[in-house]
> 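Provided herewith is a single structure, encoded as structure tokens, for subsequent inquiry.
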Amino acid sequence: MEELRLSARWLLPILHFTSWSQAKSLWSSSPATARDIIRMAYPLGNGRLGAMPFGPAGSETLNLNVDSLWSGGPFEVSNYTGGNPIAAVAPALQGIRDWIFTNGTGNVTELLGDDRFYGSYRVLGNFSVDIPSVRDANITVENYTRSLDLANAVHRTRFSASSSSFETSVFCSFPDQICVYTISSSTTLPTLEIKLANELVEPALQNITCGSDYLRLRGVTQLGSPEGMRYDCIARVVKGSAANWTCEAGTLLVRPRRGTTSITIVIGAGTNYDATKGTKEHDYSFRGEDPGPVVEQQTNAAAAKSAFALLRRHTTDFTSLTSRFILALPDSANSSRIESAELISRYTASNVGGDPYLESLLFDYGNYMFISSSRPGSLPPNLQGRWSEGLYAAWSGDYHANINLQMNHWTPDQTGLTDLQRPLWDYMEDTWVPRGSETAQLLYGAPGWVVHNEMNIFGHTGMKSGASWANYPAAAAWMMQHVWDHWDYSQDVAWLKQQGYPLMKGVAEFWLNQLQEDAYTIDGTLVVNPCNSPEHGPTTFGCAHYQQLVRQVFESVLSASAAVGLEDEVFLSNVSRSLLRLDKGFHVGEWGQIKEWKLPDSFGYDFINDTHRHLSDLVGWYPGSSLSSFMGGYSNQTIQAAVAQKLYSRGPGNGEDANAGWEKVWRAACWARLNNTEQAYFELRYAIEQNFVGNGFSMYSGESTPFQIDANFGFGGATLSMLVVDLPAAFGDTSKRSVVLGPAIPASWADGSVEGLRLRGGGSVDFSWNAQGLVTTANVQGRARAIRIVNKEGSVLAEL
């Protein structure tokens with residue numbers, strides 16, 4: 001009992017004690033409503049679990065998610081094929097290629113796959129705590145605030161009613177694998193009603209039970225054969241809570257004893273999804289053990305700890321990650337004192353000074369959400385990160401890999417969170433490679449492995465939907481950039497040898513087999529045929545996007561093999577020979593632009609003021625390196641001019657086809673790599689104005705749902721591009737690299753600083769800049785390859 005009182009007494013102080021000077025918070029003086037959870041509620045997560053608190057004072061609810069809860073796949077149909085055809089269709093490729101080389105364009109209708117049973121990411125349910133005495137119509141609620149501390153990931157709600165002050169705190173703990181809800185009062189707590197349910201699910205599919213100190217929600221995504229995915233969620237009271245607990249009709253009634261001012265409940269959840277069972281050996285079933293025993297063990301173990309201990313373990317873990325990288329920008333307007341929703345709603349791109357505090361807040365928010373949705377043992381963040389409110393998410397809440405999944409991982413290598421990308425590597429190895437090897441054979445008659453644009457958690461590696469979306473076998477090639485970058489920043493040789501290099505080699509083997517000598521222009525180069533520039537234009541040959549990505553794969557696999565000292569002479573010799581003949585994916589068109597397709601200008605596909613949302617032909621400029629580094633584009637005026645022409649023509653990312661946040665932050669990053677501060681900063685501001693809403697989430701269509709998290713993560717990538725240019729070296733290049741600090745720092749960020757920016761080759765750098773945005777000091781720590789640190793004027797700040 002004494003420990004419980006101590007926990008309650010120290011609950012408020014510890015929330016502030018664990019903050020550090022640059023810590024920022026999202027806050028509001030009004031509740032998030034049930035009608036607009038996704039645009040108002042603040043997110044919490046521990047990788048596997050996600051939560052969003054909403055609801056009025058005295059009736060708070062947590063919207064709950066668990067990363068692997070999906071409908072569809074082998075849990076819906078026993079012979080799920082992952083979108084692959086039953087029999088090989090690869091023999092049709094030769095005819096497709098011949099037609100395209102003869103006519104310039106064609107189609108891949110014969111290769112399209114099966115969309116059925118794809119499924120969707122879905123919500124787990126709601127955990128609610130109601131205080132009937134506060135919800136009484138005659139009771140006045142005052143001084144309401146809710147906030148989310150981005151440094152320690154604790155959500156707090158405070159209000160006063162009936163001469164009592166109340167506080168709730170919520171956090172999702174990675175060390176204990178549960179979420180924790182605490183309610184405290186300045187006087188004895190009144191009676192509470194606690195529920196755990198999902199009103200969106202048919203009663204026949206779920207079972208709600210409760211006992212003397214717990215609530216339990218168990219269910220299945222479908223009945224029959226095969227049985228759907230099982231899920232289990234337990235809300236359990238922390239031991240020692242001084243109250244009487246009774247279970248009535250699925251509701252836990254809590255009657256605190258006199259003097260009891262705080263009660264804590266832990267929430268755990270899981271499914272019987274098992275990523276390691278997605279192989280032919282396991283009949284691609286992904287079906288694991290009943291989640292119940294694990295959830296019982298996790299909640300029992302957590303409930304045996306005090307609220308104080310649970311909070312301390314969580315904050316120690318989370319702050320150890322948020323303190324790895326610090327971006328300090330000025331707050332001359334005292335924006336931190338203004339409610340977050342108001343800051344965002346009044347923000348306009350036309351204000352050239354922006355709001356540095358809000359911009360740094362959104363940067364930190366992106367890092368916060370990555371930590372909250374990507375931890376060892378979880379799946380990687382999907383299109384909605386970890387936070388979804390319905391049974392059917394937009395685009396299934398899946399993994400789109402023609403920009404979105406990639407953008408989700410733009411920041412961790414540079415911000416010291418590269419070790420949190422393990423879910424991505426495991427996801428690719430467990431769910432892409434097994435089925436993707438089958439796809440390579442059935443669709444292309446090729447070795448290695450391949451995936452396409454849209455993937456679920458069940459190894460859907462075949463083509464999905466129409467050709468403009470589905471015909472995208474370059475997805476894995478783009479993802480290999482992230483594999484290479486992880487090695488380049490981490491210098492983890494053991495990981496590279498065990499996981500990184502095998503992934504890259506499989507993709508390189510596929511493309512070695514697929515490249516064709518260009519029979520249209522007859523210039524002796526190797527090109528991809530067929531190809532589509534993602535979601536845009538014709539099915540053709542030599543798409544700039546593909547050519548740039550394949551080059552990056554070949555450069556990476558050669559460099560990786562050298563790094564781990566592998567003897568693979570025949571394979572590496574084939575890669576080297578193909579790299580020499582490979583079309584580089586850079587051609588200049590009639591109006592000075594980089595061409596998106598190798599087709600002659602007379603075809604009319606590359607036209608001025610095509611404001612399409614994608615920047616596919618610039619992938620080698622940013623986030624890739626085949627243009628910016630391997631072709632020396634960062635200092636090449638011809639390449640820079642062609643990139644700039646395309647960016648001007650594409651517009652600000654608000655075309656007829658879409659008004660998404662990810663379009664704008666991608667443009668910002670590309671402009672930053674051109675050292676164009678004005679355009680880079682405008683696009684960053686434009687994204688905030690157009691797409692960010694009250695809780696800081698980025699929306700896909702202006703400020704309207706659906707929520708799509710890629711712009712939240714991409715915002716960080718664009719900001720980092722304004723702070724640094726750190727390009728990889730091409731295979732065999734032993735010259736000293738130059739790292740440019742502050743290529744596009746706006747004047748409104750005056751006298752700011754960065755701590756903990758990671759460098760390729762190992763090590764990190766801290767730096768600061770003056771009132772004009774010129775970096776003046778730099779301090780390099782740790783080991784790093786031979787580098788020269790310079791500012792945008794070329795002044796050498798450090799040399800190793």
Side-chain angles (χ1 to χ4, degrees), residues 97 100-106 402-403 467-468 471-474 477-478 511 515-553 579 581-634 636-651 653 655 657 663 666-667 669-671 673-674:
R97 287 170 171 154
I100 290 173
F101 275 142
T102 300
N103 300 284
T105 64
N402 63 7
I403 177 59
S468 182
N471 184 26
Y472 187 65
W478 192 343
W511 285 110
L515 292 173
Q516 307 289 304
E517 185 169 332
D518 187 341
Y520 187 94
T521 63
I522 316 178
D523 61 1
T525 63
L526 297 177
V527 296
V528 177
N529 179 4
C531 64
N532 280 71
S533 200
E535 304 184 24
H536 189 32
T539 298
T540 181
F541 68 94
C543 303
H545 181 79
Y546 281 65
Q547 302 299 138
Q548 294 167 20
L549 288 176
V550 172
R551 183 176 185 189
Q552 287 182 187
V553 170
L579 186 58
R581 296 184 60 198
L582 186 69
D583 185 292
K584 294 180 173 61
F586 180 77
H587 302 276
V588 179
E590 60 184 357
W591 42 278
Q593 88 286 8
I594 182 174
K595 293 181 63 173
E596 196 159 356
W597 302 275
K598 198 176 180 181
L599 290 166
D601 291 327
S602 59
F603 275 76
Y605 288 109
D606 257 310
F607 57 89
I608 297 176
N609 297 329
D610 172 7
T611 58
H612 193 270
R613 57 194 177 276
H614 282 261
L615 298 175
S616 301
D617 46 339
L618 301 188
V619 69
W621 181 253
Y622 186 93
S625 50
S626 60
L627 295 180
S628 54
S629 181
F630 302 161
M631 290 182 65
Y634 187 64
N636 183 301
Q637 292 298 314
T638 300
I639 293 176
Q640 288 183 12
V643 170
Q645 275 288 79
K646 180 55 65 76
L647 284 170
Y648 281 122
S649 177
R650 271 291 199 261
D657 62 331
E663 306 173 62
W666 193 358
R667 284 158 170 76
C670 287
W671 282 118
R673 189 156 285 182
L674 284 169

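Just so you know, these numbers use all the heavy atoms, side chains as well, and skip hydrogens, waters and symmetry mates. Values in this document were obtained by computation on a predicted structure and should not be read as measured data.
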> Listed by chain and number, what are the ring pair (Phe, Tyr, Trp, His ring centres under 6.0 Å) partners of His614, not counting sequence neighbours?
His612, Trp662
> Between Leu526 and Asp583, is the side chain to side chain contact (heavy atoms under 4.5 Å, CB included) condition met? List the steps.
CA-CA 6 Å; Leu526 297 177; Asp583 185 292; over 6 Å; no
> Start with the C-alpha distance between Leu647 and Leu618, add both sets of side-chain angles, then the distance that settles side chain to side chain contact (heavy atoms under 4.5 Å, CB included), and finish with yes or no.
CA-CA 9 Å; Leu647 284 170; Leu618 301 188; 3.7 Å; yes
> In the structure I gave you, are the side-chain heavy atoms of Leu674 and Val643 within less than 4.5 Å of one another anywhere?
yes
> For side chain to side chain contact (heavy atoms under 4.5 Å, CB included), just list the numbers for Trp666 and Tyr622, CA-CA rounded to whole Å, side-chain angles, deciding distance to a tenth of an Å, and then say yes or no.
CA-CA 8 Å; Trp666 193 358; Tyr622 186 93; 4.2 Å; yes
> Mind jotting down which residue pairs meet the salt bridge (Lys or Arg N to Asp or Glu O under 4.0 Å) criterion with at least one end in residues 525-534? Sequence neighbours excluded, please.
none
> Nearest heavy-atom pair of Leu627 and Ile639: which atoms, and what distance?
O-CD1, 4.2 Å
> Side chain to side chain contact (heavy atoms under 4.5 Å, CB included) between Ser629 and Tyr634: does it pass, once the steps are laid out?
CA-CA 6 Å; Ser629 181; Tyr634 187 64; over 6 Å; no
> Could you check, using the six-membered ring where one of them is a Trp, whether Trp478 and His545 have ring centers closer than 6.0 angstrom?
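Aromatic pair counts; centres sit under 6.0 Å.
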> Quick one: list whatever passes side chain to side chain donor-acceptor pair (under 3.5 Å) with Ser533, sequence neighbours left out.
Glu596
> Quick one, Phe101 and Val527 - any side-chain contact, counting heavy atoms below 4.5 Å?
yes
> Lys584: what forms a side-chain contact (heavy atoms from CB on, under 4.5 Å) with it, not counting sequence neighbours?
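Lys584 satisfies side-chain contact (heavy atoms from CB on, under 4.5 Å) with Arg551, Met631 only.
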> Testing the basics here: between Pro538 and Thr105, what is the closest heavy-atom pair and its distance to 0.1 Å?
CB-CG2, 3.7 Å
> Sequence neighbours left out, what passes salt bridge (Lys or Arg N to Asp or Glu O under 4.0 Å) with Arg667? Give chain and number order.
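With neighbours one apart ignored, the set is empty.
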> Taking only residues at least two apart or on different chains, which pairs with a member in residues 638-648 satisfy salt bridge (Lys or Arg N to Asp or Glu O under 4.0 Å)?
Asp606-Lys646, Asp617-Lys646
> To the nearest 0.5 Å, tell me how far Glu590 CD sits from Lys595 NZ.
8.5 Å
> Side chains of Pro530 and Arg97, heavy atoms from C-beta outward: is any pair under 4.5 Å?
yes
> Going by ring pair (Phe, Tyr, Trp, His ring centres under 6.0 Å), name the residues that satisfy it together with Tyr648, two or more places apart in sequence or in a different chain.
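Residues passing ring pair (Phe, Tyr, Trp, His ring centres under 6.0 Å) with Tyr648: Trp671.
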> State, with a plain yes or no, whether a side-chain heavy atom of Ser626 is found less than 4.5 Å away from one of Phe586.
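Of all side-chain heavy-atom pairs linking Phe586 with Ser626, none is under 4.5 Å.
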> Please find the pair of heavy atoms, one from Val588 and one from Ala642, that lie closest to each other, and give the distance.
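Scanning both residues completely, I find the closest heavy atoms to be CG2-CB, 4.3 Å.
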> What pairs with Glu517 under salt bridge (Lys or Arg N to Asp or Glu O under 4.0 Å), at least two apart in sequence or on another chain?
Arg581
> Restricting to non-hydrogen atoms, name the atom on Ala477 and the atom on Leu549 that form the minimum distance, rounded to 0.1 Å.
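Answer, listing the atom of Ala477 first, then Leu549: CB-CB, 4.2 Å.
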> With a 4.5 Å heavy-atom cut-off, do Arg650 and Leu615 have their side chains touching?
yes
> Any salt bridge (Lys or Arg N to Asp or Glu O under 4.0 Å) involving residues 518-533? Give me the pairs, sequence neighbours left out, ordered by first then second residue.
Asp518-Lys598, Asp523-Lys598
> Got Tyr546 and Trp511 here, is their nearest side-chain heavy-atom distance under 4.5 Å?
yes
> Who pairs with Cys670 by disulfide bond (SG atoms under 2.5 Å apart), at least two apart in sequence or on another chain?
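Counting only residues at least two positions away or on another chain, Cys670 forms no disulfide bond (SG atoms under 2.5 Å apart).
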> So, taking the atom named OG in Ser616 and the one named CD1 in Ile403, what distance separates them when rounded to the nearest 0.5 Å?
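Result: 8.0 Å between the selected atoms.
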> Determine, step by step, whether Asp610 and His536 satisfy the side-chain hydrogen bond (donor to acceptor under 3.5 Å, both in side chains) criterion, reporting the C-alpha distance in whole Å, the side-chain angles of both residues, the deciding distance to 0.1 Å, and the verdict.
CA-CA 10 Å; Asp610 172 7; His536 189 32; 2.6 Å; yes
> So do Leu515 and Leu582 actually touch side chain to side chain, heavy atoms under 4.5 Å?
yes
> Please confirm whether the backbone N or O of Gly620 pairs with a side-chain atom of Gln548, one donor and one acceptor, at under 3.5 Å?
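Side chain of Gln548 to backbone of Gly620: a pair is present.
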> Identify, with sequence neighbours excluded, every residue that meets side-chain contact (heavy atoms from CB on, under 4.5 Å) alongside Asn532.
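Result, side-chain contact (heavy atoms from CB on, under 4.5 Å) vs Asn532: Asn471, Thr539.
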> With sequence neighbours left out, what residues match Tyr520 under ring pair (Phe, Tyr, Trp, His ring centres under 6.0 Å)?
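Partners of Tyr520 under the ring pair (Phe, Tyr, Trp, His ring centres under 6.0 Å) test: Phe541.
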> Give me the atom names and distance for the closest heavy-atom approach of Gly624 to Ser628.
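Distance-wise, the nearest heavy atoms are O-OG, 3.3 Å.
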> Provide the closest heavy-atom pair for Cys543 versus Thr540 in the form atom of the first, atom of the second, distance.
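Heavy atoms only, the tightest pair is SG-CG2, 3.8 Å.
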> So how far is it from Phe607 CZ to Trp591 CH2, rounded to the nearest 0.5 Å?
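If I round to the nearest 0.5 Å, the distance is 9.0 Å.
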